Trainee: 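Structure below; questions to follow.
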Amino acid sequence: MEIPSKYSPQEIEEKWYLYWMENKFFNSIPDERQKYCISIPPPNVTGVLHMGHMLNNTIQDVLIRRARMLGLNTCWVPGTDHASIATEAKVVNKLKSEGINKADLSREEFLSHAWQWKEKHGGIILDQLKKLGASCDWDRTAFTMDKNLSDSVIKVFIELANQGLIYRGIRMVNWDPKAMTAVSDEEVVYKEEQSKLYYIKYKIEGQDDWITIATTRPETILGDTAICINPNDTRYTHLKDKKAIVPLINRVIPIIEDEYVDIQFGTGCLKVTPAHDINDYALGIKHNLQTIDIFQDNGTLNENAQIFVGMDRFEAKEMMIKTLQENQYISKIEDYTNKIGYSERSFAVIEPKLSLQWFLKMQEIAQPALNAVINGEIKIYPEKYVNTYKHWMENVKDWCISRQLWWGHRIPVYYINQTNEYVIAETLEKAVQIAREKTNNQSLTAENLTQDQDVLDTWFSSWLWPISVFNGINEPENPDYKYYYPTDDLITAPEILFFWVARMIIAGYHFTGHKPFTNVYLHGIVRDLKHRKMSKSLGNSPEPLELIAQYGADGVRVGMLLCSPAGNDMIYTDDLPMQGRNFANKMWNAFRLISGWEIDQEIEQPIYAKTAIQWFEQVLNKNIENINQYFKEYRLSDALMTAYKLFWDEFASWYLEIIKPQYQKPIDKITLQKTVVFFDKLLKILHPFMPFITEEIWQLLEKRNQGETIMLQNMPKSEEYDNDIIVCFDELKQIITEIRKIRQEKNIPNKDAISLKIKTGKEGYFDFLNSILAKSCNLCNLEIVEDKQTMSVSFLNKDTEYFVPLENCINIEEEIAKLNKDIDYFQGFITAVQRKLENEKFVKNAPEKVIDAERKKLSDAQNKIFSLQEQINIIKK
RNA sequence: GGGAGUUUAGCUCAGUUGGUUCAGAGCACCUGCCUUACAAGCAGGGGGUCACUAGUUCGAACCUAGUAACUCCCA
């Protein structure tokens with residue numbers, strides 16, 4: 001059967017993924033073996049696969065497949081999170097396109113639409129992961145709003161509340177007026193923008209005097225409740241204890257003093273609007289100021305503003321500027337660059353807003369999580385992120401966990417008779433019970449209770465993920481949880497180190513008393529060549545599934561990993577998957593070569609083959625050892641590159657070329673058998689990186705039974721090896737390269753045999769490799785000689801001299817020039833070494849070993865010069 | 001404004017306790033080859049003041065200080 005010379009991955013990948021699924025090779029159940037477990041960073045249920053997912057999941061699959069081949073009971077739990085804000089926005093938009101307004105629906109009706117949407121679109125991303133080859137235990141697929149996971153969320157909320165760690169409070173939150181919800185600090189993206197700084201005059205009460213402040217947000221002066229000056233600022237001392245009048249609305253406000261005010265900035269006077277600025281809010285508390293909130297939740301002005309009521313904040317700003325100008329309150333307008341916060345989800349400008357929210361106290365529960373990373377119980381790779389983690393955990397702030405949305409876990413708080421008095425319970429029935437006890441009113445019914453309208457932050461469910469996917473909150477004694485938890489590795493990006501990783505660690509220690517995972521591997525962000533983050537809006541991201549179609553999943557996986565050292569961003573170009581594809585093709589053709597060889601039982605194993613086998617065994621073992629070490633250090637790019645070079649350079653370019661029989665000649669049995677064994681090992685080493693092609697070739701390499709798979713074979717172990725053989729062979733490679741160079745320079749085709757004469761020295765000659773040398777260089781004659789040769793091209797390896805007699809095409813001038821060039825080089829080298837050795841301080845202070853090495857370098861170089869000079873003399877004769 | 005990190009070849013990155021196995025790898029590039037496994041290939045080759053400056057040391061890509069540029073986090 002003819003095997004095509006180009007490897008085409010499409011059908012092959014589909015075939016093997018089906019085979020793996022049908023045979024349930026990805027599934028795991030607890031047994032007596034040691035386990036290895038990863039819970040996937042749950043992608044957003046609204047999401048589609050992007051380059052970041054490709055990198056993230058490739059890494060996880062490599063680790064999982066390798067662990068599986070190391071004999072561990074391997075479990076990779078997939079799933080998605082419900083993404084409150086993003087999903088709700090999607091569903092709202094979808095309904096809008098159908099002419100339905102969210103406001104016209106009841107909560108139940110809306111949720112039913114949301115669930116329909118989830119059922120229809122929620123699994124897309126997981127199916128896409130299958131194309132990548134992800135070997136997840138799909139039977140365990142979890143969703144943060146599944147029954148067990150939801151119950152866990154409610155349960156821990158109640159537990160934390162009972163521990164006094166949850167409180168309700170007025171706080172300045174990042175308000176998203178479009179999504180009508182508070183968002184966390186981490187969900188606000190700040191962008192630098194050109195804006196204006198307005199200088200606005202306030203009249204001093206009872207005096208014909210003015211005070212000027214500078215602000216970027218003139219509309220908020222409607223909520224002003226003070227003017228603040230710095231007590232050290234002599235320009236304003238005379239205004240101390242006076243009052244100012246807010247323009248247009250004539251509210252009288254005090255002039256207060258605080259060193260917080262930056263004298264250099266603007267006019268040195270600050271307007272204080274406690275309801276709409278976080279720093280002003282702090283000032284307000286400190287100076288006991290009134291707080292006037294002038295905005296509705298949707299960003300329009302309310303009654304408190306007195307004017308422009310009902311107008312949107314941006315419109316109101318324009319009106320405000322216009323009106324102030326008309327009334328001569330604006331003295332100056334300057335250009336100004338400031339940072340404006342946008343909602344990561346809805347892209348609306350964030351409005352700082354005072355609001356009643358639920359908070360989780362963090363400081364106390366963060367402590368064990370901080371300690372765990374500091375004392376190394378949990379390891380972060382790369383280590384530099386430990387600092388970042390530490391800094392954050394030491395300055396941790398309380399976590400606002402409520403969101404003004406419907407899609408998510410509804411806060412299990414029930415208010416009694418529309419008051420602020422409440423009870424917390426898993427269900428309405430329990431809430432009634434508790435409320436009756438609390439109020440001492442047995443006639444209280446469900447009618448008297450109103451559940452909090454808000455849901456919990458999505459992270460408040462994903463922080464339980466490694467626990468809740470095994471139902472460890474609800475049933476801590478269940479066998480799955482006991483077996484798989486704590487999980488082993490967590491693979492994610494540093495961007496969510498804080499709001500996911502750190503919180504998972506906190507939750508792990510707080511709810512289970514154990515870490516949630518042992519190692520955290522942080523990979524970078526995928527960027528384009530201009531180092532811009534890949535995103536839909538920039539249009540700079542390739543479509544992952546198209547990449548897979550074009551280069552094969554194996555090719556893409558290799559491309560993603562080749563250039564992605566831990567913690568570094570990955571700069572993507574199409575060259576990367578191409579390199580992966582080319583490598584797959586190389587493997588494919590190596591297989592084609594071997595599969596075409598016929599065995600002849602009669603022929604003896606040639607010495608060159610026997611020697612090459614002996615050498616390759618050493619190289620293989622050495623590289624396995626290196627790869628193991630790289631995996632230990634989570635240096636996956638290096639591990640892959642080592643395997644890549646082992647296959648391409650050592651196996652294909654050197655080993656196969658040496659043992660390759662002449663065209664259409666048969667091969668001996670032992671060599672072929674050994675070669676198949678090598679190939680088999682290489683495939684296993686490469687399988688975690690390139691699952692599909694390795695399965696395909698492995699299945700073809702030898703007769704396999706139904707139900708067999710490379711993915712359940714044992715990973716080759718590193719055995720003892722003789723490094724001397726590798727070193728000798730490296731020298732041999734250099735010698736062969738020298739001879740190839742001579743052929744190229746002198747234009748001698750490979751098929752013309754040449755002869756080689758060797759004047760052996762103490763080093764640089766290996767007779768046991770002669771048969772390989774002869775075959776690789778097509779030598780008709782290999783002779784050991786006592787004397788230097790004339791009419792030859794020569795070169796030195798250590799102190800052994802090699803001569804290629806080429807009577808017809810020797811240019812004596814050229815040869816001498818070449819030899820002189822070498823002499824010059826060594827001369828310079830000697831000068832440098834001598835300078836060192838003549839330095840008394842060096843001889844006195846440097847270790848013996850270093851000095852000896854220098855002396856050897858010196859004498860070696862001197863010998864070389866001597867030998868080269870001699871060669872020149874001989875040629876000249 | 002506070003903190004962390006980065007700077008090594010055209011690009012992306014390695015360089016473990018300072019010492020010719022220290023200046024490396026892959027890709028890209030150049031030259032010659034369609035040599036029956038592979039042109040998605042083979043063989044060979046060029047390329048770096050290790051950001052800059054000063055210091056410590058017999059010796060610095062590596063240690064110290066300063067400077068510059070970039071990145072991230074927090075405010």
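What you are looking at is a predicted structure, and each value in this text was computed from that prediction instead of being measured. Letters A, B, ... mirror the listed sequences (proteins, then strands); counts begin at 1.
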Trainee: Distance check needed: B/rA4 P versus A/I380 CD1, whole Å only.
Mentor: 17 Å
Trainee: What are the two closest heavy atoms between A/S541 and A/M51, and how far apart are they?
Mentor: OG-CG, 3.5 Å
Trainee: If only side-chain N and O atoms count, and only distance matters, is there a donor-acceptor pair under 3.5 Å linking A/D528 with A/N540?
Mentor: yes
Trainee: Please report the distance separating the C1' of B/rU53 from the corresponding atom of B/rU12, rounded so that it comes out in whole Å.
Mentor: 29 Å
Trainee: Suppose we screen for salt bridge (charged side-chain N to carboxylate O under 4.0 Å, His left out). Which residues come up paired with A/K775, at least two apart in sequence or across chains?
Mentor: none
Trainee: Taking B/rA60 as the reference, what is the distance to B/rU17 when you measure between their C1' atoms (whole Å, please)?
Mentor: 14 Å
Trainee: Answer whether the closest heavy-atom distance between the side chains of A/V850 and A/F842 falls below 4.5 Å.
Mentor: yes
Trainee: Would you write out the dot-bracket form of RNA chain B, 5' to 3', with Watson-Crick and G-U pairs under 3.5 Å, [ ] for crossing pairs, | for pairs to other strands and . for unpaired bases?
Mentor: (((((((..((((.....[....)))).(((((.......))))).....(((((..]....)))))))))))).
Trainee: Measuring only the C1' atom in each nucleotide, how far is B/rU20 from B/rU36? A whole number of Å is fine.
Mentor: 44 Å
Trainee: With sequence neighbours excluded, tell me which residues meet salt bridge (charged side-chain N to carboxylate O under 4.0 Å, His left out) with A/K286.
Mentor: A/D258
Trainee: Atom pairs under 3.5 Å, N or O on each side, protein against nucleotides 15-23 of chain B: can you list them with distances?
Mentor:
residue: B/rG15; atom: OP1; partner: A/R635; partner atom: NH1; Å: 3.2

Trainee: Is the centre of the A/F679 ring less than 6.0 Å from the centre of the A/F647 ring?
Mentor: yes
Trainee: When you check the side-chain N and O atoms of A/E738 and A/Q734, is any donor under 3.5 Å from an acceptor?
Mentor: no
Trainee: Among all residues two or more places apart in sequence or in another chain, which pass the side-chain contact (heavy atoms from CB on, under 4.5 Å) test with A/S859?
Mentor: A/Q862
Trainee: Check the phosphate of B/rC74 against A/N395, side-chain N and O only, distance under 4.0 Å to OP1 or OP2. Yes or no?
Mentor: no
Trainee: For nucleotides B/rC42 and B/rU35, find the distance between their P atoms and express it as a whole number of Å.
Mentor: 14 Å
Trainee: If you measure from the C1' atom in B/rC72 to the same atom in B/rC33, how many Å do you get, rounded?
Mentor: 49 Å
Trainee: For residues A/C728 and A/F766, report the shortest heavy-atom separation together with the two atoms involved.
Mentor: SG-CD2, 3.5 Å
Trainee: Can you build the contact string for nucleotides 26-37 of chain B? Use B for base contact, S for sugar-phosphate-only contact, and - for no protein heavy atom under 4.0 Å.
Mentor: SS--------BB
Trainee: Of A/I571 and A/R527, whose nearest nucleotide on RNA chain B comes first from the 5' end?
Mentor: A/I571
Trainee: Using only side-chain N and O atoms of A/H531, determine if any of them is under 4.0 Å from OP1 or OP2 of B/rU12.
Mentor: yes
Trainee: Using the six-membered ring wherever Trp is involved, compare the ring planes of A/Y521 and A/Y634 and label them parallel, tilted or perpendicular (cut-offs 30° and 60°).
Mentor: tilted
Trainee: Keeping the roles fixed (side chain from A/T642, backbone from A/I627), state whether a donor-acceptor pair exists under 3.5 Å.
Mentor: no
Trainee: For residues 822-834 of chain A, which residue pairs pass the side chain to side chain donor-acceptor pair (under 3.5 Å) check, not counting sequence neighbours?
Mentor: none
Trainee: Pair up each side-chain donor or acceptor in residues 575-585 of chain A with any protein partner under 3.5 Å, not counting sequence neighbours, and list the distances.
Mentor:
residue: A/Q579; atom: NE2; partner: A/Y644; partner atom: OH; Å: 3.3
residue: A/N585; atom: OD1; partner: A/Y7; partner atom: N; Å: 3.0

Trainee: Does A/N230 reach the main-chain N or O of A/G268 with its side chain, forming a donor-acceptor pair under 3.5 Å?
Mentor: no
Trainee: I need the full list of salt bridge (Lys or Arg N to Asp or Glu O under 4.0 Å) pairs touching residues 648-664 of chain A, with sequence neighbours left out, sorted by first then second residue.
Mentor: A/E650-A/K733, A/E657-A/K660
Trainee: Is it true that A/N56 and A/H523 share a donor-acceptor pair across their side chains at a distance under 3.5 Å?
Mentor: yes
Trainee: Using atom C1' in both nucleotides, what's the gap between B/rC73 and B/rA14 to the nearest angstrom?
Mentor: 27 Å
Trainee: Please list, by residue number, the residues of residues 736-743 of chain A whose heavy atoms come closer than 4.0 Å to an atom of RNA chain B; answer none if no residue qualifies.
Mentor: A/T737, A/R740, A/K741
Trainee: Tabulate atom names and distances for all N/O pairs under 3.5 angstrom spanning the protein and nucleotides 6-10 of chain B.
Mentor:
none

Trainee: Which whole number of Å gives the distance between the P atom of B/rA23 and that of B/rA69?
Mentor: 32 Å
Trainee: If you assign A/K841 and A/F583 each to the RNA chain B nucleotide with the nearest heavy atom, which residue ends up on the more 5' nucleotide?
Mentor: A/F583
Trainee: Going by side-chain contact (heavy atoms from CB on, under 4.5 Å), name the residues that satisfy it together with A/T675, two or more places apart in sequence or in a different chain.
Mentor: A/I594, A/W597, A/F651, A/Y655, A/L656, A/I659, A/T671
Trainee: Considering only atom P, compute the distance from B/rG1 to B/rU8 and round it to an integer number of Å.
Mentor: 27 Å
